[in-house]
Amino acid sequence: AVERPRGIPDLSLGAGVRWLNASDDHAFVFAVGIPLPLFDRNRSATLAAAKRVSKSEAELRATRVELEAELARLYQEMAAIHDEAVSLRDLIIPEAEKALTNSREAYRQGLLRLTDVLHTERTLFELKDAHVDALTRFHHRVADLEELLGQPLASAPIEEGKK
């Protein structure tokens with residue numbers, strides 16, 4: 001749009017006073033100039049500008065596709081981590097706690113060694129640590145998504161006791 005008007009010739013106007021030497025008179029002179037753009041009508045600059053606009057639009061589309069792919073990837077990661085955290089919280093950790101309770105009872109009855117009980121307890125602690133790690137990764141993905149979107153997510157974060 002900037003280059004197109006430059007291809008249209010500019011009309012020039014002029015006015016002045018001229019002294020005529022032969023008759024010793026003064027005359028008012030008006031001039032109108034219209035250049036004839038026979039060779040340069042600024043087409044090359046107009047085409048170059050159009051190509052730059054086209055390139056910018058293509059880059060915008062490519063960036064949009066990249067951002068949409070990144071958004072989808074982050075959302076899938078967040079959903080998978082959410083499922084992992086919920087599974088740990090609702091299924092695996094309660095079963096490990098039951099196993100620890102059962103192993104302690106078996107130890108009291110003399111059916112297990114203390115090292116077996118300690119191994120079960122260590123497994124429970126590792127599962128709780130994995131749950132905290134999953135929550136941390138989940139909230140990092142939420143932060144990454146919010147940064148990409150430029151606004152907070154509508155869903156509430158997962159916490160203990162909430163699904």
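In this text the structure is predicted, and so the values were computed from the model without any measurement.
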Applying salt bridge (charged side-chain N to carboxylate O under 4.0 Å, His left out), name anything that partners [X], two or more places apart in sequence or on another chain.
X	value
Asp83	none
Glu146	none
Arg73	Glu70, Glu77

Same cluster for [X] and [Y] if Ile/Leu/Val/Met/Phe/Trp/Tyr side chains link at under 4.5 Å?
X	Y	value
Leu88	Ile81	no
Tyr107	Leu118	yes
Leu74	Leu149	yes
Leu127	Val86	no

Using the side chain to side chain donor-acceptor pair (under 3.5 Å) criterion, which residues pair with [X]? Sequence neighbours excluded.
X	result
Asp129	none
Arg18	none
Asp133	Arg137

Can you confirm whether Glu97 sits close enough to Lys128 that some side-chain heavy atom of one is under 4.5 Å from a side-chain heavy atom of the other? yes

How would you list, by chain and number, every residue that makes a side-chain contact (heavy atoms from CB on, under 4.5 Å) with [X], sequence neighbours excluded?
X	answer
Lys98	Glu95
His140	Thr136
Leu112	Ser103, Ala106, Asp116
Val65	none

Atom of [X], atom of [Y] and distance for their closest heavy-atom approach:
X	Y	result
Val117	Arg104	CG1-CG, 3.9 Å
Leu67	Leu148	CD2-CD1, 3.5 Å
Leu124	Ala96	CD1-CB, 3.7 Å

First locate atom [atom1] of [X], then atom [atom2] of [Y], and finally report the distance between them rounded to the nearest 0.5 Å.
X	Y	atom1	atom2	value
Leu71	Glu68	CG	CD	8.0 Å
Leu135	His131	CG	NE2	4.0 Å
Tyr75	Asp144	OH	CG	15.5 Å

Assess whether atom CD of Gln109 is packed by more than 12 heavy atoms of other residues, nucleotides or ligands within 6.0 Å. yes

Pair up each side-chain donor or acceptor in residues 54-61 with any protein partner under 3.5 Å, not counting sequence neighbours, and list the distances.
| unit_1 | atom_1 | unit_2 | atom_2 | d |
| --- | --- | --- | --- | --- |
| Ser56 | OG | Arg52 | O | 3.0 |

Hey, what else clusters with Val17 if you join Ile, Leu, Val, Met, Phe, Trp, Tyr whenever side-chain heavy atoms sit under 4.5 Å? Phe28

